[in-house]
Amino acid sequence: MPPMGPPGPPPRGGHFLSEDEKNNRPKVTKELLVRIFSYLKPYIKQFLLVVFCIIISSVLGLLPSVLTGKIIDDGLIGQNLYALITLIIISLLVTLLSNLIGVLETYLNVWIAQHVTFDMRNKMFKHLQSMSQRFFTSNNQGDIITRMTSDIDGVQMIITNTLTSILSNVITLIAAMVMMFSKNPILALVGMALVPLFVLPTRAAGKTRWMITKKAQEAGDEINGILNETLSVSGQMLVKLFNKENYEYSRYEKANKRMIKLNIKERMAGRWFFVFLSTFSSVGPMLIYLVGGVLIMNYDSSLTVGDITVMVALLGRMYGPVNQLLNIQVDWIRSMALFTRIFEYFDMPVEIQNTKDPVVPSSNTGCVEFRDVSFSYNDEREILHNVNFKLESGKSVAIVGPSGSGKSTTINLIPRIYDVTKGEVFFDGVDVRKLDLEFLRRNVGIVSQDTYLFNGSIRENLLYAKENATEEDMIEACKKANIYEFIENTENGLDTLVGNRGLKLSGGEKQRISIARVLLKNPALLIFDEATSSLDSISESKIQDAIEPIIKTRTSILIAHRLSTILAADEILVLKDGVITERGKHENLVKMGGVYTELYETQFKAGLIQN
Ligand code: ATP
């Protein structure tokens, strides 16, 4: 009986399809195929060698079937022992050779797949690093990681499995057909008459499997979502504090159950068709026996029993590839969906990049000027409106204003985390968009509100700012940042591990380490986004003690929430709803009865008492 098996499982690399792809099968266009093959281009020699190996091993794989005819006719019926033994040995050698070539083919295949994905991963990482902050704030982190990992792993599987499977099945099919037709066209036609009957049911089964695959994909998304939310540091904290362990467990278990049900269904889809098909496909050889018998008995005396056996064996070798090619369609669609997903990321334009001939100023004074700057994150709402201010070299400015007034947004425009919508931001007298991006970012240092430390030691986090910093440099920076005393008292000193996101340290300690880090970077302009979250007064005064001397000696911008910081600055800008409403010195502003007075009464005064 020809080898008719149930449909093989679709690739389950855990790669996920977007909503759109789930509902619409991806369109396979010529451009898409050309683009996919462009990744194989650097390895074209190896790829051609694989194709050559597949051709040789497929043809060699068919030879034993042809030799069976000779074994029967010359060896058995002809009763020729020498011919029988020779043919058996040749048959075995051919099989051995075909398998050896198979090993080479697998090696080359894996090699190509690994190299293609290596290139793709590097390209994607580089591309993602060049994406703007807007991209990272609007896209789900899990989704970005999935594309980097399992989607690209999926590509590897496509090259090693789907592509080779298509190639070897097509070649085996063609070779079997050519051999059959050259042996006996009538019997070949008889054998092939049944092939169209496989097509319809297999297509229907493929459709069902695609639908189930889509649902399994959704269940996978859900599971990923639950894992992302609940197993993160902050997520787990929330779960614990709200006693939601059981709730989260049952949510996870439910999604998990849905997933296994769908997986079983997916594997079983179309199984009934194949019971029918397997039985039905055994009719093929019977038809060849029948028609072949009639031919031998009545018409074609040159046809032998061996010939008929060869035809039946070849038919068996042909049904296999037909079946597999029909089943490969789901894998194929998924593969195309994966490539579409990956290319979608590659096609996202790089929003913030160097201009053609970027300016690299010879000096770096750190002075900043905002000229009529307006900014909006999206079309919905303008956040900053016609902001104007100038910060001279060596001076400091404090930006104060109610929450959400646009303070952080303003400072993000300086190192081009975002670009202005209207107006210009100048750094060292040059529009930041014309400046060399590397120069700009090297010369602007920000201590942000939510400090981020990498998982590693304090030393590693400090060296991130200056690779070649000496022990003395680091100690000096830590002393200036008022954190050295703390480091000295830990068991491992600078080698103390800070934990995931620096969470093994207190908020104040993290802040001071990040101040030390920025001091090591030694930028021309220092921006300090003061944390709104209240630290205890000792921590706070340690931070104050660290930053006040820095403000006095460096060009700096401070987003200030505490009076002592505000008082240390040369000028105060009051921002409300994206507009600078007041500016000047504390003594004058506090008497104006405006936004500043209100802020002073409600926020800063308390800070004064605390300090
Ligand atoms: P706070 O003192 O609370 O930190 P802020 O004055 O620094 O506030 P911004 O963070 O600049 O305020 O935010 C200004 C406005 O821009 C807010 O209304 C906020 O909702 C909006 N906003 C901030 N970031 C984004 C973003 N990535 N996409 C869209 N809107 C944003």
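When a ligand or atom number is given, it counts from 1 through the structure's own listing order. Computed from a predicted model, the values in this text were never measured in an experiment.
Residue contact check: Ser405 has heavy atoms under 4.0 Å from atoms 6 (O), 12 (O) of ligand 1. Atoms of ligand 1 lying under 4.0 Å from at least one heavy atom of Thr409, given by number and element, are 9 (P), 11 (O), 13 (O), 14 (C).
When only interatomic distances are considered, the shortest N/O to N/O separation between Ser403 and ligand 1 falls below 3.5 Å.
In this structure, Phe370 and Phe389 have parallel ring planes: the angle between them is below the 30° cut-off, well short of the 60° mark.
Using a 4.0 Å heavy-atom cutoff, Gly406 is listed among the residues neighbouring ligand 1. No heavy atom of Arg134 sits closer than 4.0 Å to any atom of ligand 1.
Glu369 has a carboxylate O that lies under 4.0 Å from a charged side-chain N of Arg371, or vice versa, which qualifies the two as a salt bridge.
Using a 4.0 Å cut-off between heavy atoms, Arg381 contacts ligand 1 through its side chain alone, with no backbone atom that close. Within the 4.0 Å heavy-atom criterion, the part of Tyr418 lying near ligand 1 is the side chain and not the backbone. Here Ile383 has side-chain heavy atoms under 4.0 Å from ligand 1, and that is the only part of it that gets that close.
Contacts of Tyr452 classified as ring-ring contact (aromatic ring centres under 6.0 Å, His included), with partners at least two apart in sequence or in another chain: Phe454.
Under the 6.0 Å cut-off for aromatic ring centres, His385 and Phe375 do not qualify, their centroids lying 6.0 Å or more apart. A ring-centre distance under 6.0 Å is found for Tyr377 and Tyr418.
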Only distances under 3.5 Å count here; give the side-chain donor-acceptor pairs of residues 421-431 to other protein atoms, sequence neighbours excluded, each with its distance to 0.1 Å.
residue: Thr421; atom: OG1; partner: Ser376; partner atom: N; Å: 2.9
residue: Asp428; atom: OD1; partner: Thr365; partner atom: N; Å: 3.0
residue: Asp428; atom: OD1; partner: Thr365; partner atom: OG1; Å: 2.6
residue: Asp428; atom: OD1; partner: Gly366; partner atom: N; Å: 2.9
residue: Asp428; atom: OD2; partner: Thr365; partner atom: N; Å: 3.3
residue: Asp431; atom: OD1; partner: Arg433; partner atom: N; Å: 2.9
residue: Asp431; atom: OD1; partner: Arg433; partner atom: NE; Å: 3.3
residue: Asp431; atom: OD2; partner: Arg433; partner atom: NH2; Å: 3.1

